[in-house]
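Notes follow once the structure below has been shown.
Positions are given from 1, in the same order as the sequence printed here.
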Amino acid sequence: DHSMINLDEPEHQAQRNLVARRFSPRAVRSHEDHVRDIVTGLLDAVQARGECEVVEEIASRLPAMMSNWPVRNCAMRVDVSDTSRISIDS
């Protein structure tokens with residue numbers, strides 16, 4: 001696994017420096033409405049059933065849907081209209 005969390009220094013710090021500005025309190029606040037819209041959509045999708053598997057149906061999908069956040073002068077866009085196709089393999 002090559003995720004940042006499993007890297008040792010100095011590789012961990014180098015990767016962390018790449019994303020740190022996107023997760024500052026100011027940056028996170030600036031995306032609050034976007035995050036709220038995504039979470040509301042995920043909750044609306046399961047509300048009619050009255051129950052859901054939170055990790056599978058909400059928490060694991062949210063990071064992929066957040067990929068629409070702008071990165072510097074560009075933005076990656078992902079079609080998340082069908083959230084049933086977003087999953088995390090364990």
Side-chain angles (χ1 to χ4, degrees):
D1 182 6
H2 297 289
S3 67
M4 181 176 73
I5 200 166
N6 292 320
L7 294 175
D8 292 324
E9 296 297 339
E11 293 84 7
H12 174 83
Q13 189 62 47
Q15 292 293 312
R16 185 175 175 179
N17 289 343
L18 293 173
V19 298
R21 290 193 316 181
R22 292 183 68 199
F23 294 97
S24 71
R26 173 185 269 174
V28 171
R29 266 192 311 276
S30 73
H31 296 289
E32 182 177 354
D33 291 339
H34 180 63
V35 175
R36 189 176 307 278
D37 289 344
I38 290 172
V39 172
T40 299
L42 289 169
L43 293 173
D44 288 348
V46 298
Q47 182 179 17
R49 294 194 334 251
E51 63 180 29
C52 76
E53 178 59 44
V54 174
V55 172
E56 180 182 327
E57 297 180 66
I58 297 172
S60 66
R61 294 177 181 168
L62 184 59
M65 297 173 83
M66 291 306 303
S67 64
N68 284 334
W69 279 17
V71 179
R72 297 196 182 172
N73 294 328
C74 65
M76 179 173 69
R77 299 288 178 210
V78 176
D79 180 6
V80 292
S81 57
D82 182 4
T83 62
S84 67
R85 296 179 61 199
I86 300 172
S87 66
I88 302 297
D89 295 329
S90 49

Next on the checklist: Using the side-chain contact (heavy atoms from CB on, under 4.5 Å) criterion, which residues pair with E53? Sequence neighbours excluded.
Outcome noted: V55, E56, E57
Next on the checklist: Using the side chain to side chain donor-acceptor pair (under 3.5 Å) criterion, which residues pair with Q47? Sequence neighbours excluded.
Outcome noted: none
Checklist entry - Should we count CZ of R26 as having more than 12 external heavy atoms under 6.0 Å? => result no
Checklist entry - Is atom CD of E9 surrounded by more than 12 heavy atoms (other residues, nucleotides or ligands) closer than 6.0 Å? => result yes
Next on the checklist: To the nearest 0.5 Å, what is the distance between CG on L62 and CD1 on I58?
Outcome noted: 9.5 Å
Next on the checklist: Run the side chain to side chain donor-acceptor pair (under 3.5 Å) test against R36 and tell me which residues pass, sequence neighbours left out.
Outcome noted: E32
Checklist outcome for this item: Rounded to the nearest 0.5 Å, the CZ atom of R16 sits from the CG atom of L18 at a distance of 12.0 Å
Item to check | Within-4.5 Å side-chain heavy-atom neighbours: V39 and L43 | outcome: yes
